[in-house]
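Here is the structure we will look at, set down as structure tokens.
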Amino acid sequence: MSREFFWQMDRRDFLKLCGGVAAALGLSEVSVPKIAEVLAASAAKPPVIWLELGSCTGDSCSFLNADSPTAAEVILNQLSVRYHEAIMAAQGTLAEKAIEDTIKNEAGKYVVVVEGVVPTKKGYGMIGGKEMQDILKEVSANALVVIALGTCSAYGGIPGGDPNPGEVKPVMDLIDRNKVINLPGCPAHPMWLLSTVTHLLMFGMPKLDSQRRPVAIYGQTIHDNCPRRSAFDEGRYVEQFGQAEVDRDYCLIKKGCKGPITYSNCPQQRWNSGKNWCIGAGAPCIGCVDPKFPDAMSPFYDRLPDIGIPGVAGLRTDADTVGAVVGAATAIGIAAHAVGAAAKGKLGRADEAEKKSGKASRA
Amino acid sequence: MATRIDLNPVTRQNGLSRIAVEVEGGRVREAWCGGLLMRGFEQILLGRHPEDAPYLTARVCGICSTAHAVAAALALEDASPVEVPPNGVWLRNLILGADLLQNHIRHLHIMALPDFVPGLNLFGPAPTRGDFRLTPRQVEEYRKHHEAAVAASRQAHEMAATFAGRIPHHRTIMPGGNLWGPTSDRILRFRQLLDRVYAFIRDRLVPGIQELGELYPDYYQLGSRPANFLNFAMFPQPAGQGDPLFPAGAVIEGRWEKVDLRQITEDIRYSWYDEREGRRRALDGRPQPALSEEKADAYSWVKAPRYRGQPMEGGPLARLWLKGFYRRGVSVLDRLMARALETKLVAEEMYRWLDALQPGQPSITPWRAPRRAEGIGLTGAMRGPLAHYVRIENYRIAGYQIITPSAWNLSPRDNEGRRGPAEEALLGTPVRDPHFPVELGRVYRSFDPCNACSTHLWVLDAAGREVGRVRLG
């Protein structure tokens with residue numbers, strides 16, 4: 001059905017989709033024809049096995065929201081998703097054969113997408129009587145690339161939050177780390193997956209940072225590109241939820257926004273076909289893409305400690321360099337509180353509870 | 001001689017679950033449903049700020065995330081009362097309503113219909129053999145609907161994002177209301193999307209399920225169980241403006257009664273928890289029972305909630321039954337039909353909520369965490385009644401309990417050995433080919449099961465030997 005489906009697609013829609021992929025990759029319009037060519041060439045169609053482990057299915061659900069009319073079907077068919085536990089239509093031997101054939105006959109060529117946490121405590125996540133971590137190891141062994149989609153599989157996410165009841169571990173700690181690309185987000189944006197896979201097809205492995213995130217997606221802070229940034233610089237802040245200032249694009253930093261320490265292209269990409277995004281709806285960023293989410297980011301509505309002085313900003317660099325910069329120049333406010341929050345673990349938990357509870361966030 | 005079929009896990013559903021059945025004389029004689037994933041949300045919430053709960057608990061489920069957000073916000077408002085402005089009530093209804101449209105469209109088209117219509121494959125290969133009764137022309141029609149359904153469910157989520165920032169996993173539902181208020185441009189955008197989604201529901205979704213009923217009339221008999229239903233109020237109106245769209249209520253053996261929360265108990269005889277305490281009253285703030293993974297008889301992480309000791313079913317059929325809107329019967333097709341009709345009903349109601357929005361008026365009243373309090377938040381969710389219980393001490397969460405709709409629908413046996421609703425519904429289901437038991441999937445998926453994912457199936461003979469092994473996709 002995939003070929004048929006693909007050719008049935010209106011050429012204008014198809015180019016629109018390719019344009020979206022180009023934008024996500026930070027490529028120029030000139031590359032659109034090349035993307036179209038790559039996507040259309042059946043020879044370049046890698047098989048995909050989508051493993052849903054300890055998940056809420058939010059990343060799959062988000063992926064179904066991929067925009068441009070019927071883009072989800074086109075890309076999925078172009079990617080040849082052979083197996084997806086939660087969504088595939090196949091039953092019985094058909095499904096079993098699809099996964100086994102792929103592992104055996106297409107060793108070194110297929111992509112594994114992992115959604116959800118991998119519990120390592122015995123019995124906390126079983127599929128067909130097997131421990132999830134064993135399934136992950138088995139399916140990944142012959143894979144070309146393993147994409148940890150969503151914060152859960154990339155870093156542990158909410159189920160890995162204190163006290164981490166299932167002793168969940170990041171995918172990259174359980175299999176060959178060099179094969180892993182992390183695409184965190186709770187959930188992950190559909191375009192993050194589409195653009196990463198397209199990059200794999202066209203140019204090979206994308207440039208990754210030390211947390212194995214593509215730099216093209218997770219290279220800058222939300223704060224750097226925030227449409228409310230001028231309000232931050234000029235000192236116009238939302239002091240309380242429900243104020244008219246929320247609608248006038250005042251900065252949400254005092255309501256706990258974690259944009260200054262959170263690396264993703266959300267401000268440019270926006271969500272749900274570009275209809276909106278968290279800060280766009282007056283909701284502070286809670287850093288859901290961060291390796292230390294949720295513990296280092298909660299309470300979500302408490303202000304980051306050691307907030308930098310407005311005006312010092314303009315720190316246009318990636319997550320790795322920030323660490324280095326901080327070591328050398330702690331005076332840079334924005335970077336300093338990045339380290340502060342990470343070192344502190346769960347921001348201001350019980351010990352500070354009483355002190356904080358009376359603060360503006362709940363005033 | 002009985003054949004045992006073990007589907008582990010079941011595909012095309014959210015979350016991990018397992019169905020085991022014994023088939024004798026071509027029919028299911030005994031059934032067990034188990035949930036196989038333990039994430040321990042209630043432990044993770046301890047010590048966190050109460051305001052984080054509507055966001056964190058949304059992650060219990062990626063396909064009905066806003067229902068958890070609403071239940072958590074209601075629990076916090078119960079713990080520390082605050083008047084939610086009318087805009088806040090309508091906006092939450094609109095966000096939850098849009099998420100419900102998304103859920104129902106995706107469930108019917110992506111999860112349920114592939115059991116009846118061949119070739120509805122979004123991913124991977126599609127089954128072509130089995131008890132399929134459609135003409136090639138009808139199949140072609142359903143395939144067109146399928147593509148339209150993917151688009152409509154995406155648009156339903158775009159509607160929700162208009163007021164919730166993004167979705168799945170909203171960013172705006174808080175105790176006190178909704179962070180993002182209504183303006184004329186947002187209302188216009190929402191309405192335009194609603195028009196498109198409603199046209200799909202009216203012209204394709206509902207007729208498609210009606211047609212399915214004509215092709216598979218036997219499924220108006222299969223998957224039946226007693227009419228025992230439970231619902232918590234869903235889609236409220238602002239204080240003093242009337243009843244919620246779906247009223248709270250319990251139906252036991254056809255008799256209606258008001259919900260009495262003290263009658264909800266949770267049994268753990270067949271779940272992986274330490275049962276030294278015996279039967280537990282639910283939502284009473286006591287700590288969770290300890291996990292006991294090595295328990296011999298246990299087969300599920302799901303506890304067995306009961307109301308007056310009865311297994312209760314929740315979801316669209318229960319809601320429409322209690323509302324008096326649909327009472328044809330209790331079966332596979334009644335569940336699917338009720339889900340389609342509810343989708344249409346909620347979409348129609350959303351126009352009214354949209355008209356009630358007042359730009360320029362507040363949509364949230366700031367809420368303060370209390371030093372010490374407890375609260376219960378109850379709402380109907382996509383799949384049935386949802387309860388959140390919170391206890392706050394020293395301004396932090398000191399106890400949290402969630403009873404999900406699927407805990408009701410997919411519960412294991414209780415202390416008296418009474419089966420859960422899905423287990424009851426599976427009894428008597430004919431299985432023509434034990435290596436291809438499509439009938440089990442049809443019955444089980446009519447509940448819109450939510451436990452997550454996929455696929456192993458063992459076929460065992462009476463002595464427990466494996467005679468074949470198949471995967472269920």
Side-chain angles (χ1 to χ4, degrees), chain A residues 52 54-58 61-62 65 69-70 72-73 76 81-96 98 123-129 158-159 161 163 165-166 186-187 240-242 271-273 275-278 280-283 298-301 349-350 353-354 357 362, chain B residues 8-9 11 14 16 36-40 43-44 47-49 51-52 55-56 59-63 110 114 120-127 147 150-151 154 157-158 161-162 165-169 171-172 179-180 293 362 364 366 368-369 394-396 436 452-456 470-473:
Chain A
E52 194 181 321
S55 91
C56 70
T57 324
C61 202
S62 176
N65 287 341
T70 65
E73 295 99 313
L76 287 166
V81 176
R82 306 287 174 83
Y83 182 86
H84 186 304
E85 296 153 329
I87 296 173
M88 71 193 301
Q91 300 239 53
T93 44
L94 197 56
E96 164 131 310
Y124 273 55
M126 307 278 287
I127 302 181
I158 290 175
C186 191
Q240 180 174 289
F241 288 138
W271 285 75
N272 297 92
S273 316
K275 290 283 183 300
N276 212 342
W277 68 301
C278 309
S298 60
F300 298 141
Y301 306 102
R349 283 194 75 175
E354 211 151 334
S357 61
R362 283 157 301 280
Chain B
N8 181 358
T11 47
N14 280 22
L16 279 165
L36 302 175
L37 176 65
M38 175 69 193
R39 287 183 296 166
Q43 286 163 273
I44 294 162
R48 301 201 188 250
H49 196 286
E51 266 183 343
D52 293 358
Y55 188 72
L56 287 169
R59 269 50 172 208
V60 170
C61 176
I63 196 158
I110 298 175
L120 293 186
N121 54 326
L122 191 59
F123 298 89
E147 289 163 35
V150 173
R154 185 189 73 232
H157 256 179
E158 290 171 14
T162 307
R166 63 124 198 238
I167 193 162
H169 305 323
R171 280 297 297 118
T172 59
L179 287 183
W180 202 223
E293 292 112 79
I364 186 167
R368 286 180 81 104
N394 201 19
Y395 308 102
R396 295 291 154 128
F436 204 83
C453 28
S454 145
T455 66
H456 263 98
V470 208
R471 267 185 176 238
L472 265 206

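Predicted model only: the values in this text are computed from it and were never measured.
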### Summary
Heavy-atom nearest pair, B:I44 first then A:P163, reads CA-CD, 4.0 Å

### Task
Check step by step if side chain to side chain contact (heavy atoms under 4.5 Å, CB included) holds for B:H169 and A:S62.
CA-CA 9 Å; B:H169 305 323; A:S62 176; over 6 Å; no

### Nearest non-hydrogen partners of B:D52 and A:F300, listed with the distance
OD1-N, 3.0 Å

### Message
Show the nearest heavy-atom pair for residues A:A283 and B:T172, with the distance to one decimal.
### Response
CB-CG2, 4.5 Å

### Query
Can you find a pair of side-chain heavy atoms, one from B:R59 and one from A:P159, that are under 4.5 Å apart?
no

### Summary
Rounding to 0.5 Å, atoms CZ (B:R166) and SG (A:C278) come to a distance of 4.0 Å

### Query
Taking all non-hydrogen atoms of both residues, which atom of A:F241 and which atom of B:P366 are closest, and how far apart?
O-CG, 3.7 Å

### Query
Which heavy atom of A:G242 sits nearest a heavy atom of B:I364, and at what distance?
CA-CG2, 3.4 Å

### Query
Nearest 0.5 Å, what's the CG-CD1 distance between B:L56 and A:I158?
4.5 Å

### Query
Between CZ of B:R171 and CH2 of A:W271, what distance do you get to the nearest 0.5 Å?
12.0 Å

### Query
Are any of the side-chain heavy atoms of A:S273 and B:R154 separated by less than 4.5 Å?
yes

### Task
For the residue pair B:P168 and A:N65, establish whether any side-chain heavy-atom pair is separated by less than 4.5 Å.
yes

